[in-house]
Amino acid sequence: MTSKEKYPITLYNTLSGKKEVFNPIHPDHVGMYVCGPTVYSDVHLGNIRTFMCFDVIYRYLMYIGYKVRYVRNITDVGHLENDADEGEDKIAKKARLQQLEPMEIVQQYTNGFHHVLDQFNLMPVSIEPSATGHIMEQIEMVQNLINNGYAYEINGSVYFDVSKYDKAHNYGKLSGRKIEELMESGRSLDSQDEKRNKIDFAVWKKASPTHIMRWNSPWGEGFPGWHLECTVMSTKYLGESFDIHGGGMDLVFPHHECEIAQSIGSTGKDPVKYWLHSNMLTVNGQKMSKSLGNSFLPHQLFSGDHELLDKGYSPMVVRFFMLQSHYSSTLDFSNEALQAAEKGYKRLMEGFKISNNLKHNSGQTDSDLENKTKELIDDLFKNMSDDFNTAKTLAVLFEITTMMNNFKAGNLKVSQLSKETFDELIVQYQGFITDVLGINEEKESSNDLLNGVIDVLINLRQNAKEAKNYQLSDKIRDDLKDLGVILKDSKEGTEYSLS
RNA sequence: GGUGCUGUACCCAAGUGGUUUAAGGGGAAGGUCUGCAAAACCUUUAUUCGGUGGUUCGAAUCCACUCAGCACCUCCA
């Protein structure tokens, strides 16, 4: 019995509004698509939260034995400044302002995106397709929609006919919106508007004479609509129906709603079995967003160069911080919360180090401890399988951390556990920290020279202590502390850590 | 205005009908260890879950109303 059978996953499906048991379309294989960034500027921490949530989901699915194909796109064309299919293309605008080729902008911010994901220890995805690399496929889908009667061409642009689609299918089923309400509440059609109804959305847009990013199509030169790429690329790489589609909560409407309509409109099939949405990162209770000017860029966070931060925090501390909450809850970003997370992260990493050095030896096993340990291991899986509850999982990891500390301090003996249970405890404790949650030990800037120098000082201090020259021994300790080197005495000797 | 979400200790944050008179992290207090510290360990820190009613043998968890906040859409600008 494999882990995935022993611990079946339940997850909250936005489509049904309920927690459901996860049953992939093809047993053992999972297809997962997540909406990636529009690469016209730096990703901020709110964006990163979303990708981190799905990184952990990806990791856990693999950890319990699924083969996962994870597709995350790069949007490099078609995302206009507002979502009413008006305004300038975000990337073209940036290119114009910086006097660069659009593809230079795309490359620059794609590189930056990858670099940041790497700093936060996100795993590379299986396929990372870009919209401009799939223009042909997008044109085909537009044609398909026209053939099926769900899209119409006018003046070189093609729009999705939402009201016609809604007659046969249910537009709004993901976001709980009703087409009548959308029609009523909208702004009146202005004379420039080519759409039959204002809720119609562009699947292909005619390029104005000054528009740089343009491709030939049966309808003249133009570019694809924003929603189209995700439908096209998810279909191409994961099939007409696949298991998981994820993204930030703010994409539910209209983006994901439109994706469903496009898929059903062109293939006749419901594209996604489970829709997962991660919630927003907030600052002082408000959504972190570029337009509100309250977003943090990763480098500001690392350096502490931001008015809301007292100091810098490392990527792993932030990763730990984010995993302390559930992905479907809003998470408020504050200095105090980060400071607490930093200490918690260090405590966890100390436990991890201890677990590396423990060796089992046999003796009198303690059945209470044995059972308790088995229960903790079980809980790790149960909590992650319960809608990927990283907060609960961390709570269990901290209980195990306390055990580790007790082993080290001699309050508990490893011999009180059977060899099998002990081995399993270490494997899963470490596995959940590094493989599932993706939390690593921060590479301390230590080197052999530094280690050697501090060892010399530790020895000198030890000599002073033995001579009861506490004035000197305390001075060594205090001076090192001022430099950020913290000495910790224990029965086995003195260790140090960098603050 | 429509739709949805949230409100849990000093702070962050799990928990959605009984094993929870509520995890875990941080903070605070006391103790153990220590030459003294630090770290670690142990104990304490919400009889209570925004408020008011109701359903139930039993509710933080379900229902109604209400207050507060947020998000998406819309409107306005």
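First the proteins, then the strands, lettered A, B, ... as listed; each starts at 1. In this text, all values refer to a predicted model and were calculated from it rather than measured experimentally.
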Contacts of Phe422(A) that satisfy ring-ring contact (aromatic ring centres under 6.0 Å, His included) - sequence neighbours left out = His360(A)
message = Does A14(B) have OP1 or OP2 under 4.0 Å away from a side-chain N or O of Ser329(A)?
response = yes
Between protein and nucleotides 25-34 of chain B, what N or O pairs are separated by less than 3.5 Å?
residue	atom	partner	partner atom	Å
G27(B)	OP1	Lys343(A)	NZ	3.1

inquiry  = If you only use heavy atoms from C-beta on, which nucleotide in A40(B), C12(B), G35(B) is closest to the side chain of Ser473(A)?
reply    = G35(B)
query = Got a sec, which residues hit ring-ring contact (aromatic ring centres under 6.0 Å, His included) with Phe321(A), two or more places apart in sequence or on another chain?
reply = Phe333(A)
request  = Using atom CE of Met403(A) as one end and atom C1' of C41(B) as the other, report the distance to the nearest whole Å.
outcome  = 14 Å
request  = Specify the residue among Ser334(A) and Val396(A) whose closest nucleotide of RNA chain B lies further upstream toward the 5′ end.
outcome  = Ser334(A)
Distance test, side-chain N/O of Asn406(A) to OP1/OP2 of C41(B), below 4.0 Å = no
inquiry  = Please enumerate all residues that pass ring-ring contact (aromatic ring centres under 6.0 Å, His included) together with Tyr7(A), with sequence neighbours excluded.
reply    = Phe381(A)
query = Which of these passes side-chain hydrogen bond (donor to acceptor under 3.5 Å, both in side chains) with Tyr159(A): Glu194(A), Lys195(A), Arg196(A)?
reply = Glu194(A)
Name of the residue among Asn411(A), Thr373(A), Val414(A), Ile354(A) meeting side-chain contact (heavy atoms from CB on, under 4.5 Å) with Met403(A) = Thr373(A)
task = Could you please name the option among C41(B), G15(B), C36(B) that lies closest to any side-chain atom of Asn389(A)?
result = G15(B)
request  = To the nearest Å, give me how far apart CE (Met249(A)) and P (U3(B)) are.
outcome  = 18 Å
query = When all nucleic acid strands are considered with a 4.0 Å heavy-atom cut-off, which category describes Lys408(A): base, sugar-phosphate, or nothing?
reply = nothing
query = Have Asp368(A) and Gln416(A) got a donor and an acceptor in their side chains that come within less than 3.5 Å?
reply = no
Options A37(B), A40(B), A14(B), nucleotide nearest the side-chain atoms of Arg477(A) = A37(B)
task = For Tyr470(A), report the nucleic acid contact type (base, sugar-phosphate, nothing); a contact means any heavy atom under 4.0 Å.
result = base
query = Taking NZ, NE, NH1 and NH2 as the nitrogens, is one of them in Lys382(A) or Glu375(A) under 4.0 Å from a carboxylate oxygen of the other?
reply = no
request  = Taking atom P in both G15(B) and G24(B), compute the distance separating them and give it to the nearest angstrom.
outcome  = 15 Å
query = What pattern of brackets, bars and dots sums up RNA chain B from 5' to 3', given Watson-Crick or G-U wobble pairs under 3.5 Å, [ ] for crossing pairs and | for another strand?
reply = ((((((((.[[[..)..(.....]]]((((((.......))))))....[[[[[..)....]]]]])))))))....
inquiry  = Show, in sequence, the C-alpha distance, side-chain angles and deciding distance for Leu348(A) and Leu397(A), and conclude whether the side chain to side chain contact (heavy atoms under 4.5 Å, CB included) test is met.
reply    = CA-CA 8 Å; Leu348(A) 186 67; Leu397(A) 288 172; 4.1 Å; yes
key: Closest-nucleotide 5' rank along RNA chain B - winner of Thr282(A) and Leu394(A)   = Leu394(A)
inquiry  = Using the rule given for salt bridge (Lys or Arg N to Asp or Glu O under 4.0 Å), can you reason through Lys353(A) versus Glu350(A), listing the C-alpha separation, both sets of side-chain angles and the distance that settles it, and then say yes or no?
reply    = CA-CA 5 Å; Lys353(A) 277 188 212 165; Glu350(A) 286 302 316; 3.5 Å; yes
key: Separation of C12(B) C1' from Met322(A) CE (nearest whole Å)   = 14 Å
Partner residues of Phe407(A) under the ring-ring contact (aromatic ring centres under 6.0 Å, His included) criterion, sequence neighbours left out = none
ask   = How would you label the contact of Asp474(A) with the nucleic acid (heavy atoms, under 4.0 Å): base, sugar-phosphate, or nothing?
value = base
inquiry  = Side chain of Lys392(A) only, heavy atoms from C-beta on: which candidate in C41(B), A14(B), C72(B) is closest?
reply    = A14(B)
remark   = When rounded to whole Å, the NE2 to C1' distance for the pair His326(A) and G24(B) reads 16 Å
ask   = Between Lys287(A) and C72(B), is there a side-chain N or O to OP1/OP2 distance below 4.0 Å?
value = yes
